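To start, the structure itself, in structure tokens.
A quick note: this is a predicted structure, and the numbers were derived from the prediction, not measured.
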Amino acid sequence: METDSEPYVRLASLRQLHQAMADMNKARSLADTLQAVADGVVQALGYELACVNLVGPDGDLVVAAFAGNAAAEALITGRSGSRESWDRRLNMGEQWGDLIFIPHTEGWVLDDDDVPQWYTDGPAPRFEDEWHPSDRLFAPMYAPGPQGGGNSGELIGVLSVDRPRNGRRPGAWGREALQMYAFQAAIAISNARLRSNMQRALVRLERDQQALRASEESFRQAFEYAPSGMAIAEMGGDQHGRILRTNDALCRLLGRRASSMRRYAFSDLVHPEDIGTLLRTSAEGGRAELRLGRRDGTYVWVSLRNSVVADAADGPRFLLTHVEDIEERKRRELQLAHRASHDSLTGLPNSAELRSRLAARLCQRPQSSHAAVADAMDAAYGHSAVFDSGGHTFDFGANVEPYGAFDHHVHAVAPEDGRDDGTKGLAVLFCDLDGFKSINDRFGHNAGDAVLIEVARRLSGGVRDGDTVARLGGDEFVILANGLGRADAQDLAVRLRGEIIQPIRAEGRAVRVGASFGIGWAHCGMTADEVLKSADERMYVEKRSRPKQHRRAG
């Protein structure tokens, strides 16, 4: 092409240019593309030296490829020039279309900047258009813009060319060819970068997919082979809580097949008394201890721990539930709780448990003044309480209980003394054994313990379900029986006394004890101790009123 002149251009020159463009567009990597761009300048455009300066991530330009001189290539390849210095070059000299030509008469000011450059020797020009060794020619390369203009996009690099083979500054055809080549080179470099980025993205995607598959496999193995139960359930929607997947440990724990587990939600499996606990358990990090039903109809105590997992960034969320068998621990806890609240000899509720159950049925009489009570009732029920002149009669309205407003509380009342008016109340029967001390003294404590155990059994068998039989201590027992009138309570005491006086087998012999009963009545406004003291006092009145010879039969 060095001998081509306007208007004649050899067909061979066009073929060389076409081949150079084809080579840089079919390069397989960005590095190959950059080298093909530099080689094409030397092979097709008639320059002895060519350098590709590529804009790096930091904005500076690095020498990415060189062609035409191995020594110069080794000297400057990989070195960088600041963007500031390059902008200075591209804004000075002569504008040849999109090309920048800086003649030797002006370029000397650039000799000491930080742009990598090579020096060529040669004689001074003999005529006006002869190429001087210090002349510089740059072809900026711009990323294709929206309209496809050569310089409408971002600068991606600069082609530096030197030493035309014909020794002359390029003419119109040479300038047009270099400008067109730079435009095509920018497209090739942009495409190569895009391919390189896509390849890196594909490599990352494949690596991420491999990591995801490995993670999924790790999760599957951890889920399936976990020593404790695991389940995945739906979260939200109409099917919230429906079990989607379970592991072998959970299936073994509940005695159910995995296929049948998918028909249930946890709310279907939980013990009816534990539904509230399950509903109060939050999805994220929620914990609960409750009972789950086995296939055989029994229940097992478990600890549930929830966590939320997402199928994708914005995909559906699932509930991952860890189920741990705590049956043995719960059994020990219940045993300890039972020991703390029950008599070790007879198995009956002890004194503390008796007082707790009794106190739970009673609310305390308000201690505030009449006016304060009236104000409270007025605020709660919309009308004032009315007192008689003595301050004893309360009128809180038809639907108000006499001793304060306790939500869902049925107030305990007592039948009137001296007659059975049909009132049903909470009867407290205080039982003291007669003749028990003599059994201990004559036959020993083992015999006494056998008597206490048998009396406890007979008392428990003589009351209704829901009544409480407790051992207060020593040979004293207490029965709490709700919903009894005075006649009912007296009949119960007679019946229980009749059961107790029957012979008891202790240490190989038959012994007998008697029993004295005192009947007290619990009503709101009393404390548990006051109720027990009242029944105890009535028991001693009853004991003293009976002749000594009739206190113990046989």
**Report entry** cation_pi(Arg169, Phe101) dist<6.0 Å, angle<=45
**Finding:** no

Query raised in the report: Can you name the closest pair of heavy atoms from Asn247 and Ser228 and give their distance?
Result: ND2-O, 3.1 Å

Query raised in the report: Is there a donor-acceptor pair closer than 3.5 Å between any side-chain N or O of Gln35 and the backbone N or O of Phe66?
Result: yes

**Report entry** Crowding at OH, Tyr225 (>12 non-hydrogen neighbours, <6.0 Å)
**Finding:** no

Query raised in the report: Quick check: does any side chain N or O of Ser218 sit under 3.5 Å from a backbone N or O of Ala214, one acting as donor and the other as acceptor?
Result: yes

Report task. Might you confirm whether atom CZ of Arg28 has over 12 heavy atoms from other residues, nucleotides or ligands at distances under 6.0 Å? Result -> no

Query raised in the report: Under 4.5 Å between any side-chain heavy atoms of Glu217 and Arg213, yes or no?
Result: no

Report task. Report yes or no: does Tyr47 contribute a side-chain atom to a donor-acceptor pair with the main-chain N or O of Ser160 at less than 3.5 Å? Result -> no

Report task. Indicate whether the side chain of Ser82 and that of Asp60 have a donor and an acceptor atom separated by less than 3.5 Å. Result -> no

Query raised in the report: Taking the side chain from Asp135 and the backbone from His132, do they hold a donor-acceptor pair closer than 3.5 Å?
Result: yes

Requested in this report: Indicate yes or no: does Arg291 engage Glu273 in a salt bridge with an N to O separation below 4.0 Å.
Outcome: yes

Query raised in the report: Judged by atom type as modelled, is there a donor-acceptor pair below 3.5 Å linking the side chain of Asn25 to the main-chain atoms of Ala22?
Result: no

Query - Test side chain to side chain contact (heavy atoms under 4.5 Å, CB included) applied to Thr281 and Phe266, step by step - result: CA-CA 12 Å; Thr281 304; Phe266 275 108; over 6 Å; no

Report summary line: Met141 and Ala182 have their tightest heavy-atom pair at CG-O, 3.6 Å

Query raised in the report: Can Arg83 and Asp87 be counted as an ion pair, charged N to O under 4.0 angstrom?
Result: yes

Query raised in the report: Any side-chain donor-acceptor pair under 3.5 Å between Trp131 and Asn166?
Result: no

Query raised in the report: Less than 4.5 Å apart, any side-chain heavy atom of Arg357 and any of Arg361?
Result: no

Query raised in the report: How about Glu128: does its CD atom have over 12 heavy atoms from other parts shown lying under 6.0 Å from it?
Result: no

Requested in this report: Kindly say whether Pro170 contributes a backbone atom to a donor-acceptor pair with the side chain of Arg175 at under 3.5 angstrom?
Outcome: yes

Query raised in the report: Do the non-hydrogen side-chain atoms of Trp96 and Leu137 ever get within less than 4.5 Å of each other?
Result: yes

Query raised in the report: Is there a side-chain contact between Glu324 and Arg329, using heavy atoms and a 4.5 Å cut-off?
Result: no

Requested in this report: Could you go through the side chain to side chain contact (heavy atoms under 4.5 Å, CB included) check for Met235 and Asn306 one step at a time?
Outcome: CA-CA 11 Å; Met235 185 175 179; Asn306 294 327; over 6 Å; no

Report task. For atom CE of Met198, decide whether the heavy atoms of other residues, nucleotides or ligands shown that lie under 6.0 angstrom number more than 12. Result -> no

Query raised in the report: Any donor and acceptor pair, going by atom type alone, linking the side chain of Asp129 with main-chain N or O of Arg168 inside 3.5 Å?
Result: no

Query raised in the report: In this structure, are over 12 heavy atoms from other groups packed under 6.0 Å from His104 atom NE2?
Result: yes

Query raised in the report: Can you check whether Asp98's main-chain N or O pairs, donor with acceptor, with Gln179's side chain at less than 3.5 Å?
Result: yes

Query raised in the report: Should Leu354 and Pro349 count as side-chain neighbours, where that means a heavy-atom distance under 4.5 Å?
Result: no

Query raised in the report: Stepwise, does the salt bridge (Lys or Arg N to Asp or Glu O under 4.0 Å) test hold for Glu216 with Arg220?
Result: CA-CA 6 Å; Glu216 289 176 344; Arg220 187 192 67 80; over 6 Å; no

Query raised in the report: What closest approach, in Å, do Ala528 and Leu362 show between heavy atoms, and which atom pair accounts for it?
Result: N-CD1, 4.2 Å

Query - His18/Arg15 under side chain to side chain contact (heavy atoms under 4.5 Å, CB included): CA gap, chis, key distance, verdict - result: CA-CA 5 Å; His18 175 75; Arg15 286 173 176 168; 5.6 Å; no

Query raised in the report: Would you say Glu48's side chain and Arg165's backbone share a donor-acceptor pair under 3.5 angstrom?
Result: no

Query raised in the report: Gln19 and Asp23: side-chain donor and acceptor closer than 3.5 Å?
Result: yes

Report task. Mind listing the closest non-hydrogen atom pair of Ile76 and Cys51 along with its distance? Result -> CD1-SG, 4.3 Å

Query - Exam field: side chain Arg294 to backbone Leu253, donor-acceptor pair closer than 3.5 Å - result: yes

Query raised in the report: Under the criterion side-chain contact (heavy atoms from CB on, under 4.5 Å), which of Asn53, Leu159, Ile156, Leu155 is the partner of Pro140?
Result: Leu155

Query raised in the report: Rounded to the nearest 0.5 Å, what separation is found between the OG atom of Ser85 and the CG atom of Asp114?
Result: 3.5 Å

Report task. Search all heavy atoms of Gly229 against all heavy atoms of Ala249 and return the closest pair with its distance. Result -> N-CB, 3.9 Å

Report task. For residues Tyr299 and Val270, report the shortest heavy-atom separation together with the two atoms involved. Result -> CE2-C, 4.2 Å

Query raised in the report: Would you say His271 and Leu290 make side-chain contact, with heavy atoms under 4.5 Å?
Result: no

Query raised in the report: Under 6.0 Å from the CZ atom of Arg331, do we count more than 12 heavy atoms belonging to anything else shown?
Result: yes

Report task. Decide whether Ser29 and Asp32 meet the rule of one side-chain donor and one side-chain acceptor closer than 3.5 Å. Result -> yes

Query raised in the report: Going through the distances and angles, do Leu254 and Val300 end up as a side chain to side chain contact (heavy atoms under 4.5 Å, CB included)?
Result: CA-CA 8 Å; Leu254 301 182; Val300 58; 3.9 Å; yes

**Report entry** Ionic contact status for Glu106 with Arg136, cut-off 4.0 Å
**Finding:** no

Requested in this report: Determine, for Arg88 against Glu84, whether the closest basic-nitrogen to carboxylate-oxygen distance falls under 4.0 angstrom.
Outcome: no

Query raised in the report: Got a second to check how far Met92's CE is from Ile100's CD1, nearest 0.5 Å?
Result: 10.5 Å

Query raised in the report: Any side-chain heavy-atom pair from Arg256 and Leu269 closer than 4.5 angstrom?
Result: yes

Query - Spatial distance of atom CG (Leu212) from atom CZ (Arg207) [nearest 0.5 Å] - result: 14.0 Å

Query - Glu327 side, atom CD; Thr298 side, atom OG1 - distance, nearest 0.5 Å - result: 8.5 Å

Query - Point-to-point distance, once rounded to the nearest 0.5 Å, from CG of Asn191 to OG1 of Thr33 - result: 9.0 Å

**Report entry** Axial cation check for Trp86 ring with Arg89, 6.0 Å and 45° limits
**Finding:** yes

Report summary line: Interatomic distance, CG@Leu34 vs CD1@Ile189, rounded to 0.5 Å, equals 5.0 Å

Query raised in the report: Any side-chain heavy atom of Leu49 within less than 4.5 Å of one from Val161?
Result: no

